[in-house]
Each structure stands twice: as C-alpha cells, then as structure tokens.
Amino acid sequence: MAHIVIMGAGIGGMPAAYELREHLPTEHRITVISAVDYFQFTPSNPWIAVGWRERSEITLEIGPLLERKNIAFIASPVQAIDAEHNRLTLADGQSVDYDYLVITTGPKLSFDEVPGAGPHGGHTHSICTVDHAEQFWTDYQAFLDNPGPVVIGAMPGASCFGPAYEFAFILATDLRRRKLRHKVPITYVSSEPYIGHLGLGGVGDSKGMMESEFRQNDIKWITNAKTTRVEPGKLCTSELDAHGNLVKEHELPFKLSMMLPAFKGIDAVAAVPELCNPRGFVLIDEHQRSKKYHNIFAAGVCVAIPPVEVTPVPTGAPKTGYMIESMISAIVLNIKADLESQPATAKGSWNAICLADMGDTGAAFVALPQIPPRNVNWNKKGKWVHLAKISFEKYFLHKMKSGHSEPIYEKYVLKALGILRLQE
C-alpha cells in the first residue's frame with residue numbers, strides 16, 4: 001500500500017486528488033494538505049474585485065468534498081520537506097510520511113521585490129487570491145464615491161499577464177455601467193515588451209488586437225516598464241527600449257492600483273536541496289517528476305518553465321489551465337505505472353490555451369506548443385468567449401463539488417475552439 005500526498009488544493013491539487021482516487025486501487029491512501037480549508041476558483045477573482053461575484057459563489061469547503069471520495073485532508077501549511085526521508089513537517093506540528101509527493105502549491109507572491117507593492121502593508125492591490133480580490137472590492141466601493149486615476153498591470157518578473165488584461169477591461173466595463181468611466185483614467189503598466197505579449201511572445205496578432213481594444217476602451221499603456229517602487233498614490237516605473245536603455249521615468253498618480261507580482265516557489269519547497277531552480281520552482285523531467293527525487297512530482301505554477309524569450313524587463317511564461325490539467329493527468333498515469341513496476345511514459349502538454357474575459361466580450365488565445373515555433377498560433381475575439389468563461393467557471397465548480405476527474409479543457413474548450421475554426 002502506498003501513501004500519496006498532494007501539497008496544495010487549488011486548480012491543480014483538487015483534480016489531482018480526484019483523478020488519483022479514480023485510477024488507483026482503493027488500498028492506496030491519498031492525503032491532500034492545504035494551507036487553507038477552502039478551494040477557490042482563482043480565474044473568477046477579477047469578478048469578485050468589482051462585485052460581479054460573491055466569495056461564497058467561487059469557494060468550496062474542501063474537507064467534506066474529499067471525505068466523500070475517501071481522501072484524507074489536512075488544513076495546515078507545510079513548514080518543511082525532508083525529501084531524503086519522505087516526510088513533511090506541518091506548521092501545526094504534525095509529521096506526515098509519504099511514498100509519493102505531488103506538489104501543486106501554486107506560487108509565493110513576491111510583492112517584496114518592489115518596495116511599496118502589495119496589499120499587505122503596501123499600496124497596490126492584487127487579484128491573485130480571493131482575499132486580495134475582496135480587499136480591492138472594499139476599497140473600490142469607497143473609490144466610487146470619489147473616483148480618480150487607476151493603474152493596472154504587472155511587475156518585473158511577472159508571468160501571469162492574462163488576469164491583468166482581464167481586470168483592465170472588466171474594470172472599464174463596470175465603470176461604464178455605473179456611468180463613471182469618464183472620471184477614471186486607466187493606465188496599463190507592464191514588464192511585457194509590447195501589448196499582447198502575454199509572456200508568450202504574442203499569440204497570432206495579439207499585439208494588434210489588444211492594442212486596438214485598449215484604444216477602443218481608452219486605456220493608455222506603458223510597456224517595457226520596470227516598476228521600481230510604489231508610494232501612497234504614486235507608482236514609479238522606468239520605461240526601457242528594446243535594448244534595455246532608459247527611455248523615460250514615469251511617476252503615475254493613482255487612487256487605486258492593481259499590479260500582479262512576480263512569482264517564486266513557496267518557502268518549504270524552495271528550501272529542499274536540488275529540488276528547485278534559484279526562484280524556487282520545481283525542476284522536472286518530461287514526466288513531471290523531480291530530476292533529483294523520483295518520488296516527487298509537480299504540476300502548475302510551481303513548476304520551472306523557461307521564458308519564451310529574453311525581454312528587456314524580465315518576464316516569465318504563464319501556466320494555463322490546459323497545461324496544468326495535462327500535467328496532472330501525466331502525473332497520475334506515471335504514479336500508477338510506478339506502482340505497477342512499469343516505466344513512466346506519460347507527458348504533460350506544454351500548450352497554452354487561454355479564455356480571457358473582457359467584461360462584455362472576450363478573447364481566446366491558442367499557442368500549440370507554448371514555446372515557438374508553433375503548430376497553432378491563433379486568437380479570436382467575441383461575445384462567445386465571455387460566455388464560455390462563465391460556463392467554464394460553473395462547470396469546474398460543479399466538477400469539484402461532484403468529485404469528477406474529467407479533463408474538461410480537452411473535452412470542452414478544445415472542441416469549442418475546433419468547431420469555431422472550422423466555421424471560419
């Protein structure tokens with residue numbers, strides 16, 4: 001009998017638990033360990049921040065969901081990993097031994113890399129967690145009584161740009177509905193070398209499409225932006241050229257700001273010798289397995305993936321839902337093979353498929369594979385993307401409630417995109 005422990009209970013960890021339970025014999029134990037006792041559907045956080053969703057609509061209590069599937073659950077942060085002896089030490093003092101460890105923790109949010117950034121003692125907001133999104137909503141309600149400039153974007157080293165774009169459009173849409181848009185100048189400030197880069201080197205003509213959308217929504221932008229500090233009501237950023245030379249220093253006033261941070265690996269993972277790169281992301285082989293410890297697997301944002309290209313201001317590569325889903329499926333099949341004394345053969349697909357909400361419309365981006373050159377390099381805008389994003393939210397939450405392990409990106413999103421392309 002083996003004990004498989006999953007660190008993290010988010011978009012990667014919960015499906016991993018369900019899929020392992022479905023594919024492995026019942027004598028094998030599965031335990032999920034999470035720093036919090038609830039699942040949050042992170043893609044809905046931009047809607048939380050403007051009051052389009054309530055917390056209760058996108059969060060689920062984890063314990064009862066896993067108990068129904070005969071999966072153990074512990075709500076406590078992992079304090080240390082003893083990879084040599086297959087043991088975890090938790091913040092509450094517990095020790096948990098494992099035969100296989102699956103790391104799906106997501107990232108550490110590195111607000112500290114830019115002085116004055118972040119919602120914890122800093123001057124910028126975030127939508128990386130439901131708590132952060134709720135903090136924005138609280139300040140946004142006061143802001144609506146006395147509106148002013150807004151700055152939205154991503155800090156140097158950021159890799160997840162999609163939510164920043166989504167939030168700029170969602171906020172603009174919400175302000176229009178409130179008939180306050182004319183009182184709120186919005187500036188998008190990003191480490192990307194150009195609008196629509198997305199950490200992917202662009203997808204199709206994403207540059208032209210996103211610049212056009214920004215113009216139509218009267219959103220100004222600064223790219224190649226190396227944000228250096230944030231003061232109360234002021235964001236300071238250095239705009240660089242394509243060679244990394246200074247073009248202009250900007251001091252942007254704001255009444256509200258949402259800036260996505262750079263990511264790192266969480267402390268307990270980053271501290272394991274030879275497990276991670278210098279940023280604390282897990283180094284894996286083609287089978288999602290640690291290059292050092294063959295009973296440790298990792299999936300999602302915590303995995304080390306090289307940037308698509310070198311940029312004047314550092315940018316990382318995003319890990320999208322489809323990529324995470326394929327990583328999880330590969331891990332499950334490879335653990336199953338190992339338990340049956342078979343070699344690992346399953347591989348995750350490093351493909352980027354993104355459905356980005358834009359308030360009352362949306363944009364779909366498909367990069368297959370994620371790192372160029374690509375077999376598919378395509379984007380499409382339309383109301384259907386906005387509706388598809390809502391449907392994806394509802395179905396994923398249903399999947400978590402019911403305990404299904406069905407890979408929905410492959411079954412639904414890819415089919416929808418394929419049908420749309422055939423109709424072009």
Side-chain angles (χ1 to χ4, degrees), residues 1-44 55-78 86 88 90 92 94-106 130 288-289 295-302 321-340 346 348 391-412:
M1 180 183 75
H3 185 202
I4 301 99
V5 173
I6 302 166
M7 280 180 61
I11 287 177
M14 288 290 282
Y18 290 151
E19 201 165 336
L20 282 163
R21 182 77 290 160
E22 180 179 330
H23 283 80
L24 298 184
T26 56
E27 65 263 24
H28 299 299
R29 295 168 54 212
I30 301 170
T31 300
V32 174
I33 300 176
S34 173
V36 296
D37 63 0
Y38 57 88
F39 167 84
Q40 57 181 300
F41 188 67
T42 304
S44 295
R55 182 189 186 100
S56 60
E57 294 178 282
I58 68 156
T59 59
L60 301 169
E61 187 181 355
I62 294 173
L65 298 177
L66 295 181
E67 286 173 12
R68 291 203 301 263
K69 305 293 289 187
N70 193 27
I71 299 169
F73 176 63
I74 302 173
S76 178
V78 174
N86 303 330
L88 305 179
L90 309 188
D92 63 6
Q94 292 186 71
S95 291
V96 179
D97 293 334
Y98 62 84
D99 296 294
Y100 298 92
L101 178 64
V102 180
I103 301 173
T104 62
T105 56
V130 66
Q288 303 298 135
R289 183 182 299 185
N295 64 337
I296 296 180
F297 295 80
V301 180
C302 65
Y322 174 69
M323 184 187 297
I324 294 171
E325 180 179 90
S326 71
M327 289 180 179
I328 292 300
S329 294
I331 288 172
V332 170
L333 292 176
N334 289 329
I335 289 177
K336 183 175 185 291
D338 200 68
L339 287 167
E340 296 171 352
S391 297
F392 176 56
E393 172 200 57
K394 302 306 180 190
Y395 187 81
F396 199 99
L397 287 166
H398 169 73
K399 171 179 165 175
M400 293 300 96
K401 291 176 183 176
S402 60
H404 292 162
S405 62
E406 178 179 52
I408 58 176
Y409 257 99
E410 185 171 358
K411 183 171 181 179
Y412 291 96

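Position 1 is the first residue of the sequence, and the numbers go up from there.
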When you look at Phe396 and Ile58, which way does the side chain to side chain contact (heavy atoms under 4.5 Å, CB included) test go after all the steps?
CA-CA 10 Å; Phe396 199 99; Ile58 68 156; over 6 Å; no

To the nearest 0.5 Å, what is the distance between [atom1] ([X]) and [atom2] ([Y])?
X	Y	atom1	atom2	value
Arg29	Arg21	CZ	CZ	10.5 Å
Tyr98	Ile4	OH	CD1	13.0 Å
Glu27	Leu339	CD	CG	9.0 Å
Ser76	Asp37	OG	CG	11.5 Å

[X] side chain vs [Y] backbone, donor-acceptor pair below 3.5 Å:
X	Y	value
Ser329	Ser326	no
His28	Ala2	yes
Asp99	His3	yes
Gln40	Val130	yes

Only distances under 3.5 Å count here; give the side-chain donor-acceptor pairs of residues 59-71 to other protein atoms, sequence neighbours excluded, each with its distance to 0.1 Å.
{"residue": "Thr59", "atom": "OG1", "partner": "Arg55", "partner atom": "O", "Å": "2.9"}
{"residue": "Arg68", "atom": "NH2", "partner": "Lys401", "partner atom": "O", "Å": "2.6"}

Search all heavy atoms of [X] against all heavy atoms of [Y] and return the closest pair with its distance.
X	Y	answer
Ile328	Ala16	CG2-CA, 3.5 Å
Met327	Gly300	SD-N, 3.3 Å
Gly348	Ala330	N-CB, 3.6 Å
Ala299	Gln288	CA-NE2, 4.3 Å

Output side-chain donor-acceptor pairs under 3.5 Å for residues 6-14, partner residues at least two apart or in another chain, one line each.
none

Test side chain to side chain donor-acceptor pair (under 3.5 Å) applied to Tyr100 and Asn334, Asn295, Asp338, the passing residue
Asp338

Give the C-alpha distance, both sets of side-chain angles, the deciding distance and a yes or no for side chain to side chain contact (heavy atoms under 4.5 Å, CB included) between Val332 and Leu20.
CA-CA 6 Å; Val332 170; Leu20 282 163; 3.8 Å; yes

Should Tyr18 and Met400 count as side-chain neighbours, where that means a heavy-atom distance under 4.5 Å?
yes

Apply side chain to side chain contact (heavy atoms under 4.5 Å, CB included) to the pair Ile331 and Thr104, showing each step before the final yes or no.
CA-CA 11 Å; Ile331 288 172; Thr104 62; 5.7 Å; no

When you look at Leu88 and Leu101, which way does the side chain to side chain contact (heavy atoms under 4.5 Å, CB included) test go after all the steps?
CA-CA 10 Å; Leu88 305 179; Leu101 178 64; 4.1 Å; yes

Would you call the rings of Tyr395 and His398 parallel, tilted or perpendicular if under 30° counts as parallel and over 60° as perpendicular?
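Because their plane-to-plane angle lies in the 30° to 60° range, the rings of Tyr395 and His398 count as tilted.
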
